[in-house]
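Residue numbers start from 1 in every chain, and the chains themselves are labelled A, B, ... in the order their sequence lines are given, proteins ahead of strands. The structure presented is a predicted model; accordingly, all values stated were derived computationally and were not measured.
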Amino acid sequence: GNSVTQMEGPVTLSEEAFLTINCTYTATGYPSLFWYVQYPGEGLQLLLKATKADDKGSNKGFEATYRKETTSFHLEKGSVQVSDSAVYFCALSDPGAGSYQLTFGKGTKLSVIP
Amino acid sequence: EAQVTQNPRYLITVTGKKLTVTCSQNMNHEYMSWYRQDPGLGLRQIYYSMNVEVTDKGDVPEGYKVSRKEKRNFPLILESPSPNQTSLYFCASSGRLAGASGELFFGEGSRLTVL
């Protein structure tokens, strides 16, 4: 079956530090890949996505590249801010399982300190 | 404003007392789903619905019921809650256009404590 593995947290960084959150996946088909973000006290919201190999998703200074050869979709940001403190979830959708169904990783909590 | 609305946001109840968490979306989405979020376990899907009168089990359906009588509503029913159902619950929805991009729209969550 499909699965998503992301680095365990929590991750604590100083403001303006470089961020990487690793995500690898297992899927039988050709999945689309996503990063969702959950700010404190809120629901999840889509941060970025990539639908095919070598695609790069980007939003709010975050980037992730769909790497089929390494089955990875690592999230990066060059300079984090306190407002980026949140829980980040990597996810995939497998068209064979129905495009609405997502498989989520367990989430990585990021805390950014001034 | 497009949104998914859950109620109640917070609830403390006792073992065995039936409760319902409501979920409503105003985006005319076909797909709706319930998740629970627990520390160290991430998000786990409880039930989902592809359209009115169509529901299916997710990964952790035991102890829960759902119904989809109207497109906008997808209530989660705990017939006889137990302490292991203490959790943070999220409802999510998606539609044909959003679904193709994999975007789920989430409610703000319902924190349930069962004593």
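Within a 6.0 Å radius of NZ in B:Lys71, other residues, nucleotides and ligands contribute more than 12 heavy atoms. With a 6.0 Å radius and a threshold of 12 heavy atoms from other residues, nucleotides or ligands, A:Glu16 has its CD atom at or below the threshold. For B:Ile12, the CD1 atom counts as loosely surrounded, since its 6.0 Å shell holds 12 or fewer non-hydrogen atoms of other residues, nucleotides or ligands. Heavy-atom neighbours of A:Phe18 CZ from other residues, nucleotides or ligands within 6.0 Å: above the threshold of 12. The number of heavy atoms from other shown groups lying within 6.0 Å of NZ (A:Lys77) is above 12.
Side-chain contact between A:Leu44 and B:Leu43 is present, with at least one heavy-atom pair separated by less than 4.5 Å.
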### Query
How far apart are the C-alpha atoms of A:Tyr36 and B:Leu104, what are their side-chain angles, what is the distance that settles it, and do they pass the side-chain contact (heavy atoms from CB on, under 4.5 Å) test?
CA-CA 9 Å; A:Tyr36 279 78; B:Leu104 287 178; 3.8 Å; yes
### Query
Do A:Phe89 and B:Gln37 pass the side-chain contact (heavy atoms from CB on, under 4.5 Å) test, and can you show the C-alpha distance, the side-chain angles, and the key distance before you say yes or no?
CA-CA 12 Å; A:Phe89 291 89; B:Gln37 184 178 19; 3.3 Å; yes
#### Entry: side-chain contact (heavy atoms from CB on, under 4.5 Å) between B:Phe106 and A:Gln45, intermediate numbers included
CA-CA 7 Å; B:Phe106 283 81; A:Gln45 55 186 273; over 6 Å; no
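Proximity to chain A is limited to the side chain of B:Gln45, based on heavy atoms less than 4.5 angstrom apart.
Atom CG of A:Leu46 is separated from atom OG of B:Ser94 by 10.0 Å, given to the nearest 0.5 angstrom. For the atom pair CG of B:Leu88 and CD of A:Gln38, the computed distance is 7.0 Å after rounding to the nearest 0.5 Å.
Options B:Glu108, B:Arg111, B:Arg9 differ in how many heavy-atom pairs under 4.5 Å they form with chain A, and the most are formed by B:Glu108.
Under the 4.5 Å side-chain heavy-atom criterion for ILVMFWY residues, a single connected hydrophobic cluster contains both A:Val37 and A:Leu92.
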